Amino acid sequence: MTPVESGGDDSLYAVRQKVYVRSVTGWFATWRWTLVWATQILFYGLPWLQWNGRQAVLLHLVERKFYIFGWVFWPQDVFFLAVLLIISAYALFFFTAIAGRLWCGYACPQTVYTEIFQWIEQKIEGDRNKRIKLDKSPFGAQKLGIKGAKYGAWIALSVWTGFTFVSYFSPLKELIHEAVTFSFGSWELFWILFYGGFTYLMAGVMREQVCKYMCPYARFQGVMFDPDTLVITYDVERGEPRGTRKKGVDPRVVGKGDCVDCGICVQVCPTGIDIRNGLQYECIGCAACIDACDQVMEKMSYPKGLIRYSTENAIKKHWGRKEIFGHVLRPRTLIYGGILAAICVAFLWGLATRAPLRVDILRDRATLAREVDGGWIENVYRLQIMNMTEAERAFEITVSGLENIRLEGGSKEFRIPAAAIESVAIQVQIPPDAARPGSSNPIYLEVKAVDDPSVFVREKSTFLMPN
Amino acid sequence: MLKLIQVLWPSFLVAGLAEILFFTVINPQELYLLGTPVRFSPLATYSIGFFGFWLVCAASSLMTLFFQRTADEINHPEG
Ligand code: SF4
Ligand code: SF4
């Protein structure tokens, strides 16, 4: 049994034999498809969702504002982005330690798009054997038609994917308008084709090579594994010695194990490896071989699970389910999990207490201090007021910290539009005898929302006296 | 082909990271090009920035590849 049929495919990396993946059904395949649907409905659907009369999720690059449902994030919120990345990393550590490459097998875009592309391929060209035959057949009108249909469908899906991707960064409404009037901005069009092209290349052409040679995670995932990590395992003890036999024959009688050496587990493997050789870094943990082998076992009336999720320890010590689950909680997972939970709580707390108002004070550099009518001394400040909410809001500015200190023209009210920064100049004055000449004095500027006095910012600044 | 991917792919990943970090901190409208404010559209600035980063990173990957050649390969270039 040769593991993979040779396909004469261009080898991008090491000599690559084209993998003709056989389709598979079963419990894990259902899960995989559920996740394909869930992630893709989310990905393709999210830009169409509206919120507060705008696109619900929009990482608006031109405005430099990220709209995510009720929130508006500014570059100043980069802290949240950083924490989000840390959370993702820890989640990856955590789940890898528990059950191996769950991410790769079920949720990674590379897997998901490969799966979708393969589904199209299978619908148009037929399952594995038909595809191998088709590729070997001479060129003709029929082959051209079938291949053309496949590539056409792939290209259409890729372009749509690229369009969706760009609509996360550029408002979808404008993009649709540009699409129907054929007036795409050149960069938008470029990025649609760039992302679409990459989708096509990765899911249609390179496929398992991305996981094998290009993915950083695949390279270091091993360090997160330990003997209690659940991974896809072939039960060597039960399966060997492998070999063909007649149906209904008790394998022990003919001196064989349960593996009938049908090779189906290899045919369904998207990375084209033989799981019977043990855990390999190429295995993306998609569990397709479990489904496939279970079907074989069922046909042979053997118990299922010759290939199954198990751990190194469980195989060695013949543990059952209970012992395996008993070892899910161990120092490594507890530490990963604990850190993960702590960061998540901190993140949510940060979100919940995120100030709806921010103020930056800049001293006006042109005029440090000057004398105005009545001998009063005046300093000018520039306030950058950020209204982080999505409604226009009125703010009142007051000043304190020195005797008789006042704003020119009394207390000031400013209206700041929704989710906007506005720069406001204010003149602060004190009587000449309130501070020593040449001194610099701490003062406090307070910006308060008129409709909600709990929303306020008090900032310290300095008041300079002329000599 | 392998060499091409070895140069372009890691640099692509790092350029993506650099792009995010750089433009989170710096507003493309506040950049100066040879003393005059950048007048491209923000989208153009982001894009050019990305390819700039990619180019720089690719140059570094290329150097790595170049220095990886063994003495034997240098002494007997015809292979
Ligand atoms: S599918 Fe199962 S029985 Fe068939 S070769 Fe693989 S391990 Fe053996
Ligand atoms: S060995 Fe099994 S689980 Fe691993 S990638 Fe292949 S089919 Fe998927």
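A, B, ... follow the sequence lines: proteins, then strands. Residue 1 opens every chain. Being a predicted model, the structure only gives us computed values, none of them experimental.
Open room surrounds CH2 on A/W71; 12 or fewer heavy atoms of other groups in view lie less than 6.0 Å from it. A/F182 CZ: 12 or fewer foreign heavy atoms inside a 6.0 Å radius. Within a 6.0 Å sphere centred on OH of A/Y44, heavy atoms belonging to other residues, nucleotides or ligands number more than 12.
With a threshold of 4.5 angstrom between heavy atoms, A/F169 does not approach chain B through any atom at all. At a 4.5 Å heavy-atom cutoff, A/F73 makes no contact with chain B through either its backbone or its side chain. With a 4.5 angstrom heavy-atom cutoff, A/W191 touches chain B only via side-chain atoms.
Between A/L85 atom CG and B/I20 atom CD1 the span is 7.5 Å, to the nearest 0.5 Å. One finds the CE atom of A/M206 at 4.5 Å from the CD1 atom of B/I5 (value rounded to the nearest 0.5 Å).
Closest heavy-atom contact between B/W9 and A/M214: NE1-O, 2.8 Å. For B/L13 against A/P216, the heavy-atom pair with the smallest separation is CD1-CG, 4.0 Å. The two residues A/R64 and B/I26 make their nearest non-hydrogen contact at NH2-O, 3.3 Å.
Contacts from residues 54-66 of chain B to chain A, taken as heavy-atom pairs separated by less than 4.5 Å, involve B/W54 in sequence order. Heavy-atom neighbours of chain A within the stretch residues 42-51 of chain B, taken at a separation under 4.5 angstrom, comprise B/P42, B/L43, B/A44, B/Y46, B/S47, B/I48, B/F50, B/F51.
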